Amino acid sequence: DTEVTQTPKHLVMGMTNKKSLKCEQHMGHRAMYWYKQKAKKPPELMFVYSYEKLSINESVPSRFSPECPNSSLLNLHLHALQPEDSALYLCASSQERLAGVINEQFFGPGTRLTVL
Amino acid sequence: AQSVTQLDSQVPVFEEAPVELRCNYSSSVSVYLFWYVQYPNQGLQLLLKYLSGSTLVKGINGFEAEFNKSQTSFHLRKPSVHISDTAEYFCAVSVYFGNEKLTFGTGTRLTIIP
């Protein structure tokens, strides 16, 4: 299984809602990532988890809250979002973080989020 | 810090013609280089990567890229494109230490003209 799955595919939410995005991989990868991609822009890294611990937070606002319950699952909890947070949210995974070892990141299809 | 420049935001090409998508990078340390493709409404798929060794790298779907250290370039080429190659192409760089962070270029939209 070389797939990263993301649910839901599409999500529309109001600014007062609380919702969650889910990402799952069964490749035994120990590093997982959240990216945000605005229309016609490249992906921007938000968070990195390594061995279920948060290792990078790219100064993301607290209305985005990541969670890694186990090595296969990555969640992104959303609360009080703004319309400018509307974007494609991509999850990725890679084997593990080791200095000097490059590991390909496998991307999921993304969740397209619209904040009204 | 590293950066990536993709000089062309859009490249229209006739079907079965060759194509080159340009990518230049900047880094004070050794880097790894990647090309990703994104089809409409999909995630990113790795086309090819340069880690070390031979400067000519072959990838999937008939694409190849050449690493040129003196020109800090990693241009993507395909000798004959197909309609199905219509997509957004991203060049990305990762530093040798701390491989978790990919820095992407702004992307090149490849449009194949029948």
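Just so we're clear, the structure is a prediction, and the values are computed from it rather than from any experiment. Order of the sequence lines fixes the chain letters, A, B, ..., with proteins taken first and strands second; residue numbering starts at 1 for each chain.
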With chain B, which of Lys40(A), Glu58(A), Glu44(A), Gln6(A) has the greatest number of heavy-atom pairs at distances under 4.5 Å?
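The candidate making the most pairs under 4.5 Å is Glu58(A).
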Within a strict 4.5 Å, meaning less than it, do heavy atoms of the Tyr33(A) and Leu102(B) side chains meet?
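Tyr33(A) vs Leu102(B): side chains apart.
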Do Asn41(B) and Arg112(A) have side chains that approach each other closer than 4.5 Å (heavy atoms only, starting at C-beta)?
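Side-chain contact under 4.5 Å: yes.
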Let me check something: do [X] and [Y] share a hydrophobic cluster, defined by ILVMFWY side-chain heavy atoms less than 4.5 Å apart, either directly or through other members?
{"X": "Leu76(B)", "Y": "Val11(B)", "value": "yes"}
{"X": "Phe47(A)", "Y": "Leu73(A)", "value": "no"}
{"X": "Ile60(B)", "Y": "Val19(B)", "value": "yes"}
{"X": "Phe14(B)", "Y": "Tyr89(B)", "value": "no"}
{"X": "Leu21(B)", "Y": "Leu7(B)", "value": "no"}

Are there over 12 heavy-atom neighbours, none belonging to Lys38(A), within less than 6.0 Å of that residue's NZ?
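Yes, the 6.0 Å shell around NZ holds more than 12 heavy atoms from other groups.
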Apply the ring-ring contact (aromatic ring centres under 6.0 Å, His included) test between Phe107(A) and each candidate in Tyr36(B), Phe90(B), Tyr39(B); give the one that qualifies.
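Exactly one option meets the ring-ring contact (aromatic ring centres under 6.0 Å, His included) with Phe107(A), and it is Tyr36(B).
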So what's closer than 4.5 Å to chain A heavy atoms on Gln38(B): side chain, backbone, both or neither?
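Looking at Gln38(B), just its side chain touches chain A.
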Minimum heavy-atom distance between [X] and [Y], given as atom pair plus value:
{"X": "Leu88(A)", "Y": "Gln42(B)", "value": "CD2-O, 4.3 Å"}
{"X": "Gly105(B)", "Y": "Pro42(A)", "value": "O-CB, 3.0 Å"}
{"X": "Pro43(A)", "Y": "Phe104(B)", "value": "O-CD1, 3.6 Å"}

